[in-house]
Each structure stands twice: as C-alpha cells, then as structure tokens.
Amino acid sequence: MSEDHDELLFTLLERLIASSRDGRMPDFVAVTREHPELETELRELWATAMLAEDFGSSALGSDDLRSSGGSPESFAEQEGAHTRAAYATGRRVGDFELHEELGRGGMGVVYRATQISLNRAVALKMILPGRLASATDLSRFRAEAEAAAKLKHPHVVSVHEVGEFDGQPFFIMPLIEGTTLAKRLADGPLLAREAAELLVPICRAVAAAHRHGILHRDLKPSNILIDLEGRPYVTDFGLAKQLHASQRRRLAPGDEPTRAQTPDVIRINSGASSISVQDSSVIRASSGSAHHAERDGYVDEATHLTATGAIIGTPSYMAPEQAAGQRGEVGPASDIYSLGAILFAMLTGRPPFQAASPVDTILQVLEQDPIPPHVLNPSADPDLELIALKCLQKPSDLRYPSADALADDLQAFLAHEPISARSGHFSQILSRAFRETHHAVVLQNWGLLWMWHAVVISSMSLLTNVLLLSGVKSRWVYPGLWVVLLGIWAACFWSLRRRAGPITFVERQIAHTWAGSMIASTGLYVVEWSLGLDVLSLSPVLGLISGMVFLVKAAILSGRFYFQAAAMFLTGVVMSLMPLWPIPDLRIALFGIVSGLSFFLPGWKYHRQVRK
C-alpha cells in the first residue's frame with residue numbers, strides 16, 4: 001500500500017469525521033463515487049473511528065470519570081466551565097430553581113430542582129451546559145421527551161413539562177428518592193423471587209410502550225429505577241424509536257396501560273449514577289438514507305438519528321440485530337433480548353457479554369452464546385435461567401413473542417407453575433435444526449467465492465474423469481493435479497476473501513475444516529499407494545469427507561447444509577456402487593457435479609443477498 005494511498009484514505013476519513021462532528025450525515029455516496037476503490041477500506045476505518053470516538057465521549061460521563069480518577073471539575077473545563085457555572089446551584093431556569101446535580105452522561109444532565117409556582121420538588125433534565133449541541137443531539141433529546149410523554153404507565157418514567165431556557169431545551173419529571181438496578185446489582189446477584197418480582201412490572205411497562213408503537217432500544221440496569229418502596233420504573237427513552245404500524249399490529253394484543261400518576265425520576269442516594277441521562281453513545285457503523293430507515297420497518301422523523309447501518313444501544317445489553325447494524329431488523333424482540341440480558345445480570349451480577357472494549361463486546365454479542373447463569377452463579381434458579389436464555393436467543397423469532405409473554409412466564413414462575421420456556425414442540429425443534437445460526441451472516445462474504453469454488457471443483461473433477469477414461473494409470477498424475485491446482489486455488493480464494501474485510505473467528509473455523517478436507521482428500525492417494533490399490537479406487541471416500549464438511553457447516557452456519565451433507569454422503573455410496581454397473585466409470589464426474597452444486601447454490605443465494 002503506497003503512501004499516497006494511505007494519505008488519501010486518511011484525508012477522506014477526516015472529512016467524514018468532520019461532517020459527523022458538525023452534526024451532518026457523512027456523505028458516503030459522494031466520497032465513494034469519487035474513489036470507489038477505497039469504499040471497503042473507508043467504511044471499515046469509519047466504523048472503527050466512530051466506535052472509538054463515541055465510546056470515548058461516553059467515557060466522559062460521571063461514572064467513568066470518577067473511576068478513572070478524574071473529577072467533575074476537569075470535565076467541566078473540557079465542556080466549558082463558564083457556561084456550566086451559569087447553571088450552578090441556586091440558578092433559576094424559568095419557573096425552576098436548580099439545586100444539586102443528580103447525574104450526567106455523554107449528552108444530558110439531571111438536576112434536583114424546585115418548581116417555584118407549585119412549590120414542589122422535581123427533576124430537570126437538559127443538554128449538558130456548555131456543550132455545543134448538534135442537530136442530532138437536539139433531535140434525540142426531543143425524541144426522548146416525546147416518547148416518555150406519550151406513555152402513562154405506573155412503571156414508566158414520563159414527562160410533566162417540556163420547555164426551553166436561553167436556547168437550552170429541558171424537560172421536567174417528578175423526583176422521588178431511590179436507586180437504580182445497576183447500583184443494586186453492584187452488591188451482587190439478586191434472589192430468584194426478588195429478580196422475578198422486579199422484572200414483571202418492567203416487562204409490562206415495555207409491553208405498554210410497544211403497544212404505543214415505541215421501542216426503548218437501550219434497556220439496561222442503569223435505566224431501571226427503584227424507589228424506596230421497591231417499585232421499579234423504566235427510564236431514559238433517549239434512543240426510543242417509533243414502530244411502524246405494521247409491526248405494531250404484530251404485537252400481542254393487550255389492554256391499554258393504566259393512566260395513573262407515576263413517579264418519574266429517582267434520586268440516587270450516592271449521587272454517582274446518572275438518572276434519566278443518556279449515558280451510552282450511538283455507535284455509527286455506516287451511513288444510510290431516509291428510505292432505508294423506512295424500509296427497515298420504522299418511521300423516524302429524524303432519520304439521521306438512526307440511519308440504516310447504525311448500531312444503537314449499550315453493547316452488553318443490545319440484541320444481535322442491533323449490534324449487526326444494517327444486517328438486522330430491530331423490533332420489539334430487541335427489547336425482549338435486553339430484558340433477558342437484565343434478568344441474566346440479576347441472576348449472575350454481570351451482563352451476558354462483557355469484554356475489555358466495546359468492539360470486543362459487540363463481537364461477542366454477534367458470534368458467541370452466553371454462558372449459562374448457573375456456571376457463574378451455582379445458586380441461580382434453573383427456571384429463571386431458561387427464561388433468560390430464551391430471551392437471549394440470537395434468532396429473534398426464538399425469543400418470547402412479546403414482553404407480555406415474558407412477564408406471563410415470570411408470573412408463572414412466581415406462582416410455582418410450569419413455564420413455557422421449558423416446553424418444546426417437535427415442530428419447533430425441527431425448525432431450529434434447519435434454521436440459520438447467528439454466524440450465518442459471514443456467508444455474505446463467501447457467496448461469490450463459493451460460486452467460483454463450485455466451478456473450480458467441478459472442472460477439476462471432470463478433468464480427472466477424462467484422464468481416467470483415457471486410460472491414464474500413473475499414480476502421481478492425479479495427486480499432482482489436485483495438489484497443485486487446489487493449492488493455487490486455495491491461495492487465491494483466501495487472498496480474495498481477505499480483501500473483503502477482517503476475517504472472523506467463525507470463518508477461520510470453517511477455513512480449517514475445509515483445509516482439513518483437502519488434506520484428507522489428497523491423502524487418499526498416499527493410502528492407495530501404501531495399500532497397493534489401484535489409483536482412484538478410494539474415490540468414494542471423497543463423498544464422505546465432503547459430507548462431513550457440510551455437516552460441520554450445518555452445525556455452525558445453517559441447518560440447511562444438512563441437505564448438502566446428505567447429498568454428499570449419498571454420493572459416496574453411489575460412487576462405491578458404480579463400478580458394479582455396466583456403465584462408464586463416471587464416479588469423479590458425479591462427485592464434481594454434486595459437490596459443485598452444493599457450493600454453487602448457497603453461494604448464489606448469499607451473493608444475491610449482498611447485491612440487494
């Protein structure tokens with residue numbers, strides 16, 4: 001890679017980052033039109049840069065700041081101490097007098113305040129004083145207020161009033177004493193009944209939000225507030241999004257949420273945790289357009305907040321489809337996943353996935369299964385473990401169909417009744433066996449390559465069969481042909497794949513399995529020689545070896561590969577019988593055709609998906 005190439009790449013990346021910091025959507029279309037050869041590298045660098053920048057800014061929140069030895073004063077200097085001072089204790093914001101700061105995050109800050117006209121204590125949230133708010137910040141802030149204001153549920157934090165002071169938008173919520181679930185879990189796992197009793201009303205609240213067409217998308221322990229009487233509340237709708245009408249119709253029907261006076265913001269006794277503050281940044285992976293967002297099933301007035309390809313939420317608690325960005329559709333099942341992650345944390349004291357960095361955590365969410373809770377906490381209740389793991393299924397349709405259904409199972413547990421998570425109908429088991437796993441997304445990188453591999457393997461097999469029918473009996477012609485040609489193709493294959501981006505752990509597993517099959521296939525010639533057998537007499541074993549490769553792929557990638565595995569096993573049997581039939585010896589040709597189709601058909605399918 002030349003220095004000019006690196007310099008151009010760096011310049012284009014800087015231009016995109018500058019656009020993002022100015023609150024504008026980076027124009028990937030224009031950049032890639034000018035430099036199409038750099039599109040893949042640029043998108044990878046952009047995703048990495050945005051992850052680093054967004055989580056870096058998130059780290060400036062109060063919790064991380066204190067843990068790293070910083071202070072609120074040092075943070076204030078970075079954000080503009082002179083502006084923050086304008087909102088110090090005793091400062092008036094319209095009809096409200098500010099007192100102490102309750103918490104802050106990457107975008108907002110919450111104060112304990114008094115509404116002078118009514119002489120009542122309230123919580124006031126506004127964008128961080130001194131922060132140069134972008135259009136995205138303002139839109140997200142207003143979206144949070146609008147989403148919370150729509151919901152009137154006894155366990156949802158809502159909004160009393162929305163206003164603006166000196167150009168700074170704010171909204172008002174009631175103030176009560178309490179804590180957060182995150183602070184509660186800092187002391188360790190909860191007892192089984194306590195966990196279930198806390199989560200049931202949260203599930204009902206989330207179900208009510210879904211019926212109102214609102215996804216939360218950032219459910220986590222720090223967004224679950226608990227008052228002094230032990231009542232939980234859902235807060236922080238900063239990443240909320242409107243459901244499309246068609247998706248709202250798919251939700252389980254239910255009664256409208258109870259319209260009751262609801263306490264909305266909990267005062268954290270320690271003052272260390274953020275309250276109703278967006279303390280997780282948006283992780284932008286790539287740009288998208290308005291029609292993309294609507295295509296994914298959602299209507300969003302500020303499409304630039306959550307464009308297709310954006311990763312929205314907190315990594316340890318986000319669903320795989322959120323972590324996958326443009327490759328997944330975020331819906332009610334995503335919130336159900338997050339509820340399961342919260343239950344997992346209640347049972348174990350830690351989230352289902354956590355790593356040294358947000359990027360590593362996202363990779364775990366995409367590629368790994370959660371550790372069973374009883375491994376981390378031997379006293380974890382088996383029924384609650386099953387409920388949590390059902391919520392944490394990678395395929396969204398294997399989770400609970402609604403948050404109400406999850407709440408029903410938790411209530412069944414509390415009533416000592418059988419839970420639905422233990423039931424498994426034969427049709428469900430069969431469906432799971434043949435579905436794609438969460439690793440199947442890697443096949444989008446292999447589609448075109450598999451099509452070429454099908455051509456190569458079929459051509460080599462036909463050429464081998466032609467040599468065999470021509471009477472070529474030399475023992476070293478065939479292994480020489482396969483070793484040389486397959487070796488060249490393997491090098492080309494891997495080189496072409498590396499150009500498509502970083503190679504994942506799962507792809508390395510598949511590559512090793514495939515390499516093992518090539519070595520075994522070539523080794524058959526050595527076995528034939530050592531046993532004194534005729535050349536290609538062990539060729540039926542090729543079908544068995546290929547069948548085992550597709551069996552591995554079925555377990556790791558997609559159950560549909562069971563069909564290819566069965567076809568290859570059957571091909572091996574037929575190849576062993578063909579010498580007994582009065583027909584030309586076409587064993588190798590048969591193997592090449594069946595093997596080629598087994599690669600070409602799925603390759604064509606996933607290649608079409610990428611092009612779409």
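- In this structure, the side chains of Lys183 and Ile226 stay at 4.5 Å or more apart for every pair of heavy atoms.
- Side-chain contact between Met318 and Phe353 is absent, with no heavy atoms from C-beta onward closer than 4.5 Å.
- Listed by chain and number, the residues in a salt bridge (charged side-chain N to carboxylate O under 4.0 Å, His left out) with Arg350 amount to none (sequence neighbours excluded).
- Between Ser338 and Asp335, the side chains place no donor N or O within less than 3.5 Å of an acceptor N or O (distance only, hydrogens not considered).
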**Q.** Chi angles and distances behind the side chain to side chain donor-acceptor pair (under 3.5 Å) call for Ser316, Gln354
**A.** CA-CA 6 Å; Ser316 292; Gln354 60 181 14; 5.7 Å; no
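- When all heavy atoms are compared, the tightest approach of Tyr337 to Gln393 is CD1-O, 4.1 Å.
- The salt bridge (charged side-chain N to carboxylate O under 4.0 Å, His left out) test applied to Glu417 returns no partner, not counting sequence neighbours.
- Considering only residues two or more places apart in sequence or on other chains, Tyr400 meets the side-chain hydrogen bond (donor to acceptor under 3.5 Å, both in side chains) condition with Asp409.
- In this structure, Ser117 and Asp95 approach most closely via the heavy-atom pair OG-OD2, 2.5 Å.
- Annotation for Tyr233 and Pro154: closest pair CE2-O, 3.2 Å, computed over non-hydrogen atoms.
- Looking at Ser396, its side chain never comes within 3.5 Å of a backbone N or O of Ala333 through a donor-acceptor pair.
- Scored by the salt bridge (charged side-chain N to carboxylate O under 4.0 Å, His left out) test, Arg204 finds Asp404, Asp408 as partners (sequence neighbours excluded).
- With sequence neighbours left out, the side-chain hydrogen bond (donor to acceptor under 3.5 Å, both in side chains) criterion links Glu194 to Arg184.
- No side-chain donor-acceptor contact under 3.5 Å links Glu367 to the backbone of Gln364.
- Counting all heavy atoms, side chain and backbone alike, Ile336 lies closest to Cys391 at O-CB, 3.6 Å.
- Sorted by first and then second residue, the side chain to side chain donor-acceptor pair (under 3.5 Å) pairs involving residues 379-389 (not counting sequence neighbours) are His374-Glu385, Asn377-Ser379, Asp383-Arg422.
- Looking at Leu339 and Leu406, their side chains come closer than 4.5 Å, going by heavy atoms from C-beta outward.
- Thr114 and Glu97 share no donor-acceptor pair across their side chains, judged by distance under 3.5 Å alone.
- Residues Pro352 and Ile371 fail the side-chain proximity criterion, which asks for heavy atoms closer than 4.5 Å.
- Panel note: side chain Asn223, backbone Asp218; a donor-acceptor pair is recorded below 3.5 Å.
- In plain terms, the two heavy atoms of His216 and Thr235 that are nearest each other are NE2-O, 2.8 Å.
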**Q.** Stepwise salt bridge (charged side-chain N to carboxylate O under 4.0 Å, His left out) check, Arg399 with Asp397
**A.** CA-CA 5 Å; Arg399 304 170 201 158; Asp397 58 331; over 6 Å; no
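- Using a 3.5 Å distance cut-off with no hydrogens or angles, the side chains of Ser402 and His210 do not pair a donor with an acceptor.
- Leu175 and Ala123 get closest at one heavy-atom pair: CB-N, 3.9 Å.
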